[in-house]
Amino acid sequence: MQSEFGNIKGQTRELDSEEFFTLYKALDKKILIDVRTNKEFLKHHIHGAKNLDITQEFFGTVSNNLDPDTRVFMYCETGARATAGAKLLASLGLTVFVLNKGIKGINSSIIEHGLISMN
């Protein structure tokens, strides 16, 4: 699977939860970004995610400092904000994978494996 996605810089791709987590596990140089507000993040999030609120001015500044070879995995509650953030990062030459339908679209087997932190 890694070779299929290895060379698509500057693009976004929506993945269902199974594809999203399978690819995330397979790649070495990656970052997982939750673009929701800090309050939403504290309520529940995916283990290992960095909270980078897309509504904050610093989102663009921080995203400009990402290594272009790093694959970005991005999500929000429903997928809308993550898709918007992905377009911005893709315009900077980054490859971004968006969790289709966000946290609400994660299948129960993913949740059962403890990948979601419910605080």
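Since the model is a prediction, treat every value here as computed from it, not as a measurement. Nothing fancy with the numbering, it's 1 onward along the sequence.
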What are the two closest non-hydrogen atoms of [X] and [Y], and how far apart are they?
X: T83; Y: V98; result: OG1-CG1, 3.9 Å
X: G79; Y: C76; result: N-SG, 3.0 Å
X: T12; Y: K87; result: CG2-N, 4.1 Å
X: G105; Y: S17; result: O-OG, 3.9 Å

* Asked: Would you say the side-chain atoms of D34 pair up with the backbone N or O of N51, donor to acceptor, closer than 3.5 Å?
  -> no

* To do: Could you give me the CA-CA distance, side-chain angles and deciding distance for L66 and L92, then say whether side-chain contact (heavy atoms from CB on, under 4.5 Å) is met?
  => CA-CA 10 Å; L66 291 173; L92 300 172; over 6 Å; no

* To do: Would you please name every residue forming a ring-ring contact (aromatic ring centres under 6.0 Å, His included) with F73, sequence neighbours left out?
  => F20, Y24, F97

[X] side, atom [atom1]; [Y] side, atom [atom2] - distance, nearest 0.5 Å:
X: I106; Y: Y75; atom1: CD1; atom2: OH; answer: 7.5 Å
X: L52; Y: M74; atom1: CG; atom2: CE; answer: 7.0 Å
X: I54; Y: T37; atom1: CD1; atom2: OG1; answer: 12.5 Å
X: L32; Y: H45; atom1: CG; atom2: NE2; answer: 9.5 Å
X: R13; Y: E19; atom1: CZ; atom2: CD; answer: 6.5 Å
X: D28; Y: T70; atom1: CG; atom2: OG1; answer: 11.0 Å

* Is E77 paired with K43 through a side-chain N to carboxylate O contact shorter than 4.0 Å? -> no

* Structure fact -> Sequence neighbours excluded, the answer for salt bridge (charged side-chain N to carboxylate O under 4.0 Å, His left out) partners of K104 is none

* Take atom NZ of K101 as the centre, draw a 6.0 Å sphere, and report whether it contains more than 12 heavy atoms from other residues, nucleotides or ligands. => no

* What residues form a side-chain contact (heavy atoms from CB on, under 4.5 Å) with N100, not counting sequence neighbours? -> E14

* **Min side-chain heavy-atom separation I103-R36 under 4.5 Å** => yes

